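A quick write-up on the structure given underneath.
Only a predicted model underlies this, so the values are computations on that prediction, with no experimental measurement involved. Worth knowing before you read on, the calculation uses all heavy atoms, side chains too, and leaves out hydrogens, waters and symmetry mates. Just so it is clear: chains get the letters A, B, ... in the order the sequence lines come, proteins before strands, and each one is counted from 1.
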Amino acid sequence: MKLKSEINQHIQEAFVKAGIEAEPMSVTEAGKPEFGDYQFNGAMALAKVLGKNPRQIATEIVEKIDADGMISRTEIAGPGFINLWIDSVWMGEKLQEMLHDGRLSILPKAQGVKTVVDYSSPNMAKQMHVGHLRSTIIGDTLARLFTFLGDEVIRQNHIGDWGTQFGMLIAYLETSGEDAYSSLGDLEQFYKDAKVKFDSDPVFADMAREYVVKLQGGDAHCRTLWQQFIDVSLGHCEEAYRTLDVTLTRKDVRAESSYNEMLTAVVEDLRSGTILQESDGAQCVFMEGSDVPLIIQKRDGGFLYATTDLAAIRYRTEVLGAKRISYVVDARQAGHFKQVFDAARRAGFVGEDVWLEHVSFGMMLDKSGRPFKTRDGGTVKLIDLLDEAVSRAKAMIEDRGTQEAAEVEKVARIVGIGAVKYAELSVNRESNYIFDWDKMLSFEGNTSLYLQYAYARIQSIFRKYGEKIDGDILLGDPLEARLGMMLLRFEDALNAAARESMPHYITSYLYELTTLFMKFYEQNPILKEGIPAELRESRLQLASLTARTIRKGLDMLGIQVLDRL
RNA sequence: GCACUCGUAGCUCAGCUGGAUAGAGCACCCGCCUUCUAAGCGGGCGGUCUCAGGUUCGAAUCCUGACGGGUGUACCA
């Protein structure tokens with residue numbers, strides 16, 4: 001339920017009744033339990049405008065609040081804080097509605113927004129490495145989240161399948177043997193070998209350059225080899241997607257090369273829109289306040305990635321009809337996207353009603369704060385990272401010895417991959433972050449395993465109980481009330497995460513919820529002898545709802561839960 | 001040089017549109033398993049929120065400057 005906006009509405013109504021004319025202001029979640037559940041701090045801000053004492057304003061607002069059973073108590077504190085307590089009977093009823101609703105009382109938007117999420121975007125010339133992880137995981141979370149909230153999501157995997165390096169690779173494929181599929185088994189090695197030959201063998205280098213021209217000219221044989229190469233490379237990516245439980249499929253692929261035919265038109269339309277300027281022989285778009293242009297067409301007539309990006313933007317708005325486009329791309333591209341967005345708007349490729357958003361994320365650094373590399377200076381392959389995660393999880397599970405032998409592999413996969421994804425998603429995406437195997441695969445504190453563990457313990461209670469639950473949800477105990485409050489905030493957390501494209505809002509919420517539940521559960525036995533039936537039923541319902549919220553929240557992150565751990 | 005961005009506990013990070021005593025996890029110390037899974041819970045230790053000004057009733061949060069780190073800066077993607 002949209003708890004916060006419901007409270008805001010009551011405050012707003014009180015404003016009207018009290019004759020206060022002011023911009024709507026929002027309540028905030030109370031910082032401490034003794035300040036209630038929510039607090040409204042607007043009275044102080046209004047004091048100056050209205051020329052009144054803030055406490056007096058607060059009093060006038062409080063007197064007019066008519067929350068229809070939702071708010072049980074109000075208090076004016078300090079200079080004019082309004083503290084609000086949510087009624088526990090009201091909460092109990094709402095919690096029960098959530099429990100009996102498959103979507104946890106979260107209604108899909110009446111008017112879904114057609115949203116393009118551009119993410120993952122691997123380069124077909126190389127194997128996926130750890131640098132692709134953040135885009136892939138953040139983007140997939142956003143796609144799942146937006147979908148759940150009722151938006152119409154179109155995933156776009158803007159794969160890099162065009163450019164000069166493909167000439168080299170095709171030439172190498174042509175000379176290295178007949179069977180393309182087996183020789184491409186290790187793409188990384190293939191690329192390195194090709195590069196070595198390119199640098200050392202002038203005849204081969206010339207051949208490679210020739211192949212670029214032939215490929216771009218549409219030569220059938222070259223296209224066939226190129227297509228084989230892309231198929232194999234994409235196959236590798238899809239293997240990583242499957243391992244990661246990422247929802248991208250082949251139908252989401254919209255390759256760079258697919259925009260080729262649109263590029264000339266993009267340049268022409270920019271020219272006729274008089275946005276284009278020639279500078280040093282190149283066709284450029286200049287932005288106000290910056291002397292570094294966005295180059296659309298090279299002096300030699302060639303197109304660049306800015307051209308492709310503009311074509312893609314156009315396709316997304318004009319053909320797909322997107323109203324929000326989220327680019328999940330690392331922070332180094334911030335300047336580029338600023339220019340592309342600006343050019344696209346001025347060219348009229350996107351209207352005022354389209355929201356362009358660069359969902360940027362920071363770089364991955366090693367422990368000494370340098371860009372993350374392997375010991376020999378190479379990039380860490382994504383698949384190696386994932387294998388490592390699973391094998392570490394497996395070792396811990398075997399060590400613990402609570403799983404059936406047949407289950408170990410499956411559980412290790414869910415736990416290990418979950419840990420990697422959660423570690424990426426739980427930090428603010430905008431900051432750089434320190435990559436550390438131990439931290440990433442740690443299972444303590446704010447990690448996926450902590451949530452999965454809590455979930456499994458709740459399932460254990462229900463296995464033991466095995467009967468139908470009934471009765472009211474009672475929130476007598478303070479911890480019970482806080483848990484109930486937290487459960488009701490789920491939708492607010494999801495909405496905030498979606499509004500700002502910040503997955504870590506979800507993890508923070510889930511961690512806080514789970515911590516509360518763990519405390520509650522330690523102090524308030526559920527099935528123990530001597531617990532009154534009424535209380536037991538109520539606590540079982542809270543436990544059930546907690547489990548469902550954890551499962552749904554993790555589902556937004558593409559992380560699975562387990563009934564036993 | 002210019003632009004953007006970051007600077008919170010020993011380490012890794014939260015801190016939502018400025019709000020009441022700045023929060024977690026790890027590490028370290030102490031306690032809790034004959035009782036619903038101890039991958040847990042409780043307690044302790046630890047911060048002049050880089051620094052200096054400014055705006056405000058009120059600043060980790062907004063503005064300016066300094067210092068320090070990172071990134072970007074014309075025909076690669």
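- Here A:Ile526 lies in heavy-atom contact (under 4.0 Å) with a base.
- Side-chain N/O atoms of A:Arg332 include none lying less than 4.0 angstrom from OP1 or OP2 on B:U5.
- For the C1' atoms, the distance linking B:G23 with B:C4 amounts to 29 Å, nearest Å.
- Distances from the side chain of A:Gln333 to the nucleotides B:U37, B:A77, B:C13 place B:A77 closest.
- Residue A:Ala331 is classed as having no contact, given no heavy-atom separation below 4.0 Å to the nucleic acid.
- Taking the C1' atoms as reference points, B:C76 lies 41 Å from B:A60, given to the whole Å.
- A centroid separation of 6.0 Å or more is found between the aromatic rings of A:Tyr259 and A:Phe303.
- Across all strands, A:Tyr505 comes closer than 4.0 Å only to sugar-phosphate atoms, never to a base (heavy-atom distances).
- Under the Watson-Crick or G-U wobble criterion, with both distances below 3.5 Å, B:G53 is paired with B:C63.
- Annotation: B:C75 and B:U56 have their C1' atoms spaced 50 Å apart (nearest Å).
- Residues A:Phe286 and A:Arg463 both approach RNA chain B. Their nearest nucleotides, taken by heavy-atom distance, put A:Arg463 toward the 5′ side.
- For the P atoms, the distance linking B:C16 with B:A24 amounts to 16 Å, nearest Å.
- You'll find that the side chain of A:Thr28 is closest to B:U17, out of B:U37, B:U17, B:U56.
- Between A:Gln39 atom CD and B:G18 atom P the separation is 13 Å, expressed in whole Å.
- As judged by a 4.0 angstrom heavy-atom cut-off over every strand, A:Met25 is placed among residues making no nucleic acid contact.
- We find that CZ of A:Phe303 is positioned 14 Å from P of B:C76, with the value rounded to whole Å.
- OP1 and OP2 of B:C36 both lie 4.0 Å or more from every side-chain N or O belonging to A:Ser460.
- Judged by ring centres under 5.5 Å apart and planes tilted less than 30 degrees, A:Tyr521 stacks against the six-membered base ring of B:C36.
- Ion pair A:Lys421/A:Glu424 not flagged as a salt bridge, since none of the NZ, NE, NH1 or NH2 atoms sits closer than 4.0 Å to an Asp/Glu carboxylate oxygen.
- One cannot find a donor-acceptor pair under 3.5 Å joining the base of B:A39 and the side-chain atoms of A:Asp399.
- Distance noted for atom P between B:C6 and B:G46: 31 Å (whole Å).
- Here the C1' atom of nucleotide B:C36 and the CG atom of A:Leu542 are 15 Å apart, to the nearest Å.
- Between B:A22 and B:A3, the distance separating the two P atoms is 36 Å to the nearest Å.
- There is a side-chain donor-acceptor pair under 3.5 Å between A:Tyr455 and A:Arg551.
- Judged purely by atom type and a 3.5 angstrom limit, A:Asp342 has no side-chain atom pairing as donor or acceptor with the backbone of A:Lys338.
- Taking a cutoff of 4.0 Å between a charged side-chain nitrogen and a carboxylate oxygen, A:Arg413 and A:Glu409 do not qualify as a salt bridge.
- The side chain of A:Ser431 places an N or O atom within less than 4.0 Å of a non-bridging phosphate oxygen (OP1 or OP2) of B:A14.
- Residue A:Tyr511 is in sugar-phosphate contact alone, with no base atom involved, counting any heavy-atom pair closer than 4.0 Å across all strands shown.
- For the pair A:Ser501 and A:Glu357, the minimum side-chain heavy-atom distance is below 4.5 Å.
- Regarding contacts with the backbone of B:C41, a side-chain N or O of A:Tyr450 is found under 4.0 angstrom from either OP1 or OP2.
- Counting any heavy atom pair closer than 4.0 Å across all strands shown, A:Lys439 reaches sugar-phosphate atoms only and no base atom.
- Listed nucleotides: B:A39, B:A20, B:A77. Nearest to the side chain of A:Leu304: B:A77.
- For A:Asn428, the side-chain atoms get nearest to B:G15 when compared with the rest of B:G15, B:C36, B:G19.
- Between A:Glu407 and A:Arg564, none of the side-chain N atoms (NZ, or NE/NH1/NH2) sits under 4.0 Å from a carboxylate O, so this pair counts as no salt bridge.
- Per the geometry, NZ belonging to A:Lys32 stands 13 Å off P belonging to B:G19, to the nearest Å.
- With B:U56, B:U37, B:A74 as the candidates, the nucleotide lying closest to the side chain of A:Lys48 is B:U56.
- A residue-by-residue look at A:Asp280 and A:Phe81 shows that A:Phe81 has its nearest nucleotide of RNA chain B further toward the 5' end.
- Taking atom P on both B:A59 and B:G18, the two are 13 Å apart, rounded to the nearest angstrom.
- The C1' atoms of B:G68 and B:U50 are separated by 8 Å, rounded to the nearest whole Å.
- Counting non-hydrogen atoms under 4.0 angstrom, A:Ser26 reaches a base of the nucleic acid.
- Nucleic acid contact for A:His336: none, since no nucleic acid atom lies under 4.0 Å from a heavy atom of the residue.
- Residue-level contact check: A:Asn41 touches the bases, meaning some heavy atom is under 4.0 Å from a base atom.
- If you check every strand for non-hydrogen atoms under 4.0 Å, A:Asp161 touches nothing.
- Distances from the side chain of A:Met396 to the nucleotides B:A39, B:G19, B:U21 place B:A39 closest.
- Within the cation-pi definition used here (under 6.0 Å to the ring centroid, within 45° of the axis), A:Arg134 qualifies as a partner of A:Tyr433.
- Smallest separation of non-hydrogen atoms from A:Val415 and A:Ser448: O-OG, 4.4 Å.
- Checking B:A74, B:G70, B:C13 against the side-chain heavy atoms of A:Pro293 singles out B:A74 as nearest.
- In the set B:A77, B:U37, B:C41, the nucleotide with an atom closest to the side chain of A:Glu256 is B:A77.
- One atom, NE2 of A:His132, and another, P of B:A77, lie 16 Å apart when rounded to the nearest Å.
- Under the side chain to side chain contact (heavy atoms under 4.5 Å, CB included) test applied with A:Phe40, the options A:Ile61, A:Thr28, A:Ile76 reduce to a single match, A:Ile61.
- At the heavy-atom level, A:Met518 lies under 4.0 Å from the strands shown only through sugar-phosphate atoms.
- Note on A:Ala454: nothing from the nucleic acid sits closer than 4.0 angstrom, heavy atoms only.
- Within the nucleic acid shown, A:Thr515 has no heavy atom closer than 4.0 Å to any nucleic acid atom.
- Side-chain proximity of A:Ile295 to the nucleotides B:A74, B:U17, B:C36 is greatest for B:A74.
- As judged by a 4.0 angstrom heavy-atom cut-off over every strand, A:Val329 is placed among residues making no nucleic acid contact.
- Between A:Lys4 and B:C16, a side-chain N or O to OP1/OP2 separation shorter than 4.0 Å is absent.
- For A:Lys519, whose side chain is taken as the heavy atoms from C-beta onward, the closest listed nucleotide among B:C41, B:C75, B:C36 is B:C41.
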